[in-house]
Participant: 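To start, I am sharing the structure in question, which I have written as structure tokens.
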Number of protein chains: 2
Amino acid sequence: MARATGKAKTAKVSARDAGRSRARLFAAAADEFAARGFAGANVDHIAAAARLNKAMIYYHFPSKAALYSEIIRDMFDAVGRRVHEVAASSLSPEDKVRGFIDAMAREGEARPHFPRMWLREIAEGAGHVDRATLRYAREVIDTLGRIIDEGCRAGRFQPANPVLIQIGIVAPLMVFNATPVLRRKLARAGASGAATISRDDVVAHIQRVTLAVLEGRIA
Amino acid sequence: MARATGKAKTAKVSARDAGRSRARLFAAAADEFAARGFAGANVDHIAAAARLNKAMIYYHFPSKAALYSEIIRDMFDAVGRRVHEVAASSLSPEDKVRGFIDAMAREGEARPHFPRMWLREIAEGAGHVDRATLRYAREVIDTLGRIIDEGCRAGRFQPANPVLIQIGIVAPLMVFNATPVLRRKLARAGASGAATISRDDVVAHIQRVTLAVLEGRIA
DNA sequence: GTCTATAAATAGATAGAC
DNA sequence: GTCTATCTATTTATAGAC
């Protein structure tokens, strides 16, 4: 991660990376923000991780805050597109719910910074979330709401609050995705089962539970 | 919150608060850490919110980091005691599960900083969590595991991974408890249902879902 | 596009008076 | 116990050379 020692200082950018400094800074920043939060992130670290100088951040981005916002927006933009595809498909309502959950899970895996940054944003009331990003977030919930409505009209689901369903899906998914390190620590501390959960277990579990709720098989 | 303006500067500490400067700093710090994270928190703000001077923080606590750790430890200590009481009671396994969930919910309400600080800790792999605190966290999971075992021996529950069950309980609970502000923002942005979930809805929902899972009524 | 050097502000921590 | 004043380190951001 931190390569800013010794002769690494004079390392030349590889041919593959040439001209991609902006993308490298973006990726390095996502890592740093996820690990340390906005305030804890250090632009020197970000630049070093991207094998560049701090000044390059200000060449490509207006400020640390703008860089952060762009990463957040990118996350929700991607999630929004994914779940929209699922909702627009010709799958059954049940499979759309499964697909919605799978899309959220895959997105969290494709962007390892996503669960951690989003948990932080939740913790501080989405203080760094602008109006555009908030609209993306709303669209994700609305999309889930439309899938639920569709199932209700087909007589297969019972009415449910989409925000409550969404919390039941996203919260466990994000916590699981964000906790590989913590679960290892807990496993070393002796917590039974902390080491034996797989990604597929979690996704399948949430899919089953969510469908059971929507189909009224709970109460 | 921030009273450090004008004549507030010369405000005398009320009789009720006299000699309680340590407790006031503790409470103000919990608020600040929850809102801004460890790195983002500012010791000047903490002191001002406690109607004291920054130097008083270093009179009562060795450092900003030690203050933070003490708050985290206090949180898990309290939760550990609560769930231990539930497990040691003579309730049925079903009611113990309900009580466990209720205890977690109440603890998150009694300490508004708890859900937000814990979400942040999750996001960074529990970087500020010491061994003692980790042991408390493990004990909470173990306690849930014992309740599940008890239900299994009584032929009422099916075996389940306590960590997976715990994530299904704690993640939605913490996200809900941490998001009043965010849900208001979403409601203003037009998300249907964001404004209409109550605390009791969430707790009852999680209780029903968790019991359905443990009783094998899901798959 | 990339770097070095530096300005300018912020913030954790301490000394010492009262 | 509480305060003011200050030291010191860190860190965002910019100027300007190559």
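Residue numbering restarts at 1 for every chain, and letters A, B, ... go by the order of the sequence lines.
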Participant: Ignoring the backbone of N53(A), work out which of dT2(D), dT12(D), dT4(C) is nearest its side chain.
Facilitator: dT4(C)

Participant: Honestly, is R73(A) close enough over Y68(A), meaning NZ or CZ under 6.0 Å from the six-membered ring centre and within 45° of the axis?
Facilitator: no

Participant: Nearest whole angstrom, please: distance from the P of dA11(C) to the NE2 of H45(B).
Facilitator: 6 Å

Participant: Between dG1(C) atom P and R51(A) atom CZ, what is the distance in whole Å?
Facilitator: 16 Å

Participant: Which whole-number value in Å describes the distance from D44(A) CG to dA5(C) P?
Facilitator: 14 Å

Participant: Compute the centroid of each ring, for H128(A) and then for F38(A), and state whether the two points are separated by less than 6.0 Å.
Facilitator: yes

Participant: Side-chain N or O of Y58(A) less than 4.0 angstrom from OP1 or OP2 on dT14(D)?
Facilitator: no

Participant: Taking CD from E32(B) and P from dG12(C), how many angstroms apart are they, rounded to a whole number?
Facilitator: 9 Å

Participant: Rounding to a whole Å, what distance do you find between R20(A):CZ and dT2(C):C1'?
Facilitator: 17 Å

Participant: Choose from dT14(D), dT2(C), dG12(C) the nucleotide whose nearest atom is closest to any side-chain atom of V43(B).
Facilitator: dG12(C)

Participant: Rounded to whole Å, how long is the line connecting atom NZ of K64(B) with atom P of dA9(D)?
Facilitator: 18 Å

Participant: Nearest heavy atom decides the nucleotide; on that basis, is H60(B) or P62(A) closer to the 5' end of DNA chain D?
Facilitator: H60(B)

Participant: Just call it for A39(A): base, sugar-phosphate, or nothing, with non-hydrogen atoms closer than 4.0 Å on any strand.
Facilitator: nothing

Participant: Just the rounded figure in Å: distance from P of dG16(D) to NZ of K54(A).
Facilitator: 17 Å

Participant: Check the distance between dT4(C)'s C1' and M56(A)'s CE and give it to me in whole angstrom.
Facilitator: 14 Å

Participant: Whether the S21(A) and H60(A) side chains hold a donor-acceptor pair (N or O, under 3.5 Å, no angle test) is what I'd like checked.
Facilitator: yes

Participant: Ignoring backbone atoms, establish whether S63(A) has a side-chain N or O less than 4.0 Å from OP1 or OP2 of dT12(D).
Facilitator: no

Participant: Check every strand shown and say whether N42(B) touches a base, only sugar-phosphate, or nothing at a heavy-atom separation below 4.0 Å.
Facilitator: sugar-phosphate

Participant: F176(A) ring centre to R183(A) NZ or CZ under 6.0 Å, with the angle to the axis within 45°?
Facilitator: yes

Participant: Examine the side chains of D130(A) and S69(A) and answer whether a donor and an acceptor come within less than 3.5 Å of each other.
Facilitator: no

Participant: Any side-chain N or O of Y59(B) below 4.0 angstrom from OP1/OP2 of dG1(D)?
Facilitator: yes

Participant: Pick base, sugar-phosphate or nothing for A41(B), based on heavy-atom distances below 4.0 Å to the nucleic acid.
Facilitator: sugar-phosphate

